[in-house]
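Inspection log for the structure reproduced underneath, given as structure tokens.
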Amino acid sequence: MNRLVETGRLESAHAMQKLAEIVDRYFPWIVALGGLVFALALWLSFFYAPVDRNMGIVQKIFYSHVPAAMAAYAGFTVTSVASLLYLVKPHRNWDVAAVSGAHIGLFFCAYVLVSGPIWAYKAWGQAWVWDPQLTSTLVLFLLYGGYVLLRAFSKNSERMRKISAVLAVVAFVDIPIIHYSVKMWRGNHPTIEREGGGGLAPAMKTAFSTSMFAYLLLFALLLWLAVRVRRLEWRAEQLHVDLEDAERSRTD
Amino acid sequence: MTRRRDECDRRRRRGPAETRWVSKGLGAVTWTILLFAPAVLFAQDGASRAAEETSIHGGWLVIAAYVILWLGLFAYVGYLGIRQRTLDEQIDDLERRIERSLSDIREEE
């Protein structure tokens with residue numbers, strides 16, 4: 001605590017603590033809302049939205065694959081923005097948000113890389129092709145996977161945090177590349193809504209929009225849980241230093 | 001210090017409860033899927049061009065895609081819950097040790 005006062009970070013620590021208390025108070029309600037929205041999204045995907053005439057039932061993967069991709073983008077955006085802010089003003093809260101965002105983004109990105117090939121196996125007859133969008137998504141997974149590994153296996157120093165923040169900001173460049181790769185390099189990946197795709201039937205659109213909202217809510221819940229854990233790690237780190245200080249002053 | 005310990009105890013009690021809430025929410029949705037999805041998936045799959053191209057039924061692939069997601073979610077939330085509990089215990093222990101060191105210093109003074 002003394003160290004926080006000395007470095008003038010007490011106010012920001014208190015603000016974060018207050019935010020944590022508010023979110024904690026409403027957490028069960030937020031989870032209940034998330035559960036309801038998720039159940040509604042599943043009902044709409046499986047019961048309300050019609051089966052695609054060309055692809056058959058396997059098209060239902062679309063209602064989890066695309067929202068998961070958006071959640072992955074959201075995670076990596078949190079990482080990149082927080083990393084940029086950390087480079088401008090090195091406060092640990094930004095670093096905590098960056099690492100948490102990368103973990104959640106990586107989780108959803110891994111799911112995108114698994115669910116995509118499951119769909120492709122049926123739709124294209126083979127699970128993986130070196131399509132521009134698939135390849136750039138794999139590159140994104142490797143870049144942020146590298147970031148997470150760097151953070152996990154390196155010394156937690158300010159220098160290391162800054163190096164990984166630069167990596168996170170640079171890796172973000174891949175996201176617009178993924179998004180516009182179909183337009184730029186014309187791959188096999190379907191374009192439903194964007195870049196001249198045919199669009200969705202109204203019932204499919206409703207199911208898709210609800211799924212998108214449900215996955216983003218799930219993303220926010222997971223991010224909050226991950227941030228809590230990282231903050232506890234940070235607190236434990238501070239207490240280790242405090243203990244060392246206390247024991248040193250006792251022996252002196 | 002006593003207040004800090006009380007706060008720590010409160011946090012420890014509250015911490016894993018949050019991950020339990022998320023697990024409950026996920027569990028409710030999973031049961032819904034397990035009960036209804038297979039029947040719906042296999043009933044809905046009509047004549048489709050794609051269904052003839054590979055040997056695996058599209059319904060199984062959809063189930064596989066959703067099961068992977070839910071297993072992953074449970075694993076991740078479980079990991080966060082365990083990690084949070086471990087850290088709470090660790091913080092509690094560290095705070096107790098700091099308190100002991102400070103009281104020793106005070107006694108020596």
Side-chain angles (χ1 to χ4, degrees), chain A residues 24 27-28 30-32 34-36 38-39 41-43 46-47 50-61 64-65 68 103-104 107-108 110-111 114-115 118-119 121-126 218 221-222 224-226 228-229 231-233 235-236 238-240 242-243 245-247 249-250, chain B residues 4 11 14-15 17-19 21-22 24-29 32-33 36-37 40-42 44-54 56-59 61-62 64-66 68-69 72-73 76-77 79-81 83-84 86-88 90-91 93-95 97-102 104-105 108:
Chain A
D24 285 347
F27 199 78
I30 301 169
V31 171
L36 279 176
F38 226 105
L42 287 170
W43 184 82
F46 290 114
F47 295 89
V51 176
D52 185 86
R53 220 180 319 158
N54 290 324
M55 279 186 265
I57 197 72
V58 82
Q59 181 268 344
K60 301 275 182 193
I61 292 176
S64 69
H65 176 76
H103 277 243
I104 311 294
F107 170 80
F108 281 109
Y111 177 68
V114 171
S115 61
I118 290 175
W119 169 85
Y121 175 73
K122 199 74 180 169
W124 296 342
Q126 59 186 117
L218 176 68
L221 283 171
L222 291 179
W224 180 251
L225 289 179
R228 277 185 64 93
V229 169
R231 290 191 77 232
L232 286 178
E233 280 174 0
R235 173 106 182 99
Q238 284 176 327
L239 285 173
H240 269 294
D242 282 347
L243 181 66
D245 286 348
E247 283 181 350
S249 39
R250 191 175 61 171
Chain B
R4 193 198 273 184
R11 193 176 52 215
R14 196 198 290 156
E18 279 148 10
T19 43
W21 267 103
V22 176
K24 276 180 193 170
L26 290 176
V29 181
T32 317
I33 297 169
F36 296 110
V40 175
L41 291 173
F42 287 99
Q44 279 188 347
D45 196 14
S48 76
R49 181 180 55 79
E52 292 164 12
E53 287 172 2
T54 50
I56 304 174
H57 192 283
L61 294 173
V62 177
Y66 277 87
I68 289 167
L69 175 68
L73 278 174
Y76 189 63
V77 172
Y79 158 75
L80 286 178
R83 186 88 185 106
Q84 193 167 326
T86 314
L87 282 164
D88 278 334
Q90 199 180 328
I91 287 170
D93 177 53
L94 283 166
E95 282 180 335
R97 283 167 65 188
I98 289 170
E99 195 183 342
R100 211 181 302 141
S101 291
L102 290 176
D104 284 353
I105 293 168
E108 281 167 21

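If you're wondering where the values come from, they're calculated on a predicted model, not measured in any experiment. Lettering follows sequence order; numbering is per chain, from 1.
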_Worked check of side chain to side chain contact (heavy atoms under 4.5 Å, CB included) between S115(A) and I68(B)_ = CA-CA 8 Å; S115(A) 61; I68(B) 289 167; over 6 Å; no
Specify the closest pair of heavy atoms between [X] and [Y], including all atoms of both residues, with the distance to one decimal.
X       : Y       : answer
I57(A)  : G59(B)  : CG2-N, 3.4 Å
A246(A) : I105(B) : O-CD1, 3.5 Å
A226(A) : Y76(B)  : CB-OH, 3.8 Å

Using 0.5 Å steps for rounding, measure from the [atom1] atom of [X] to the [atom2] atom of [Y].
X       : Y       : atom1 : atom2 : answer
L80(B)  : L225(A) : CG    : CG    : 6.0 Å
L239(A) : Q90(B)  : CG    : CD    : 9.0 Å
E247(A) : D104(B) : CD    : CG    : 9.5 Å
L61(B)  : K60(A)  : CG    : NZ    : 15.0 Å
E233(A) : T86(B)  : CD    : OG1   : 10.0 Å
D242(A) : E95(B)  : CG    : CD    : 9.5 Å

*Return yes if some donor-acceptor pair links the side-chain N/O of Y66(B) with the main-chain N/O of I61(A) below 3.5 Å, else return no.*
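No: the side chain of Y66(B) does not pair with the backbone of I61(A).
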Report which part of [X] has an atom under 4.5 Å of a heavy atom belonging to chain B: side chain, backbone, both, or neither.
X       : result
L221(A) : neither
H240(A) : both
V114(A) : side chain

*Among the options A110(A), G35(A), S64(A), pick out the one with the most heavy-atom pairs lying under 4.5 Å from chain B.*
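Maximum pair count with chain B is reached by S64(A).
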*Excluding sequence neighbours, so at least two apart, what forms side chain to side chain contact (heavy atoms under 4.5 Å, CB included) with L73(B)?*
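Once residues adjacent in sequence are excluded, the partners of L73(B) under the side chain to side chain contact (heavy atoms under 4.5 Å, CB included) criterion are F107(A), L218(A), L222(A), L26(B), L69(B), W70(B).
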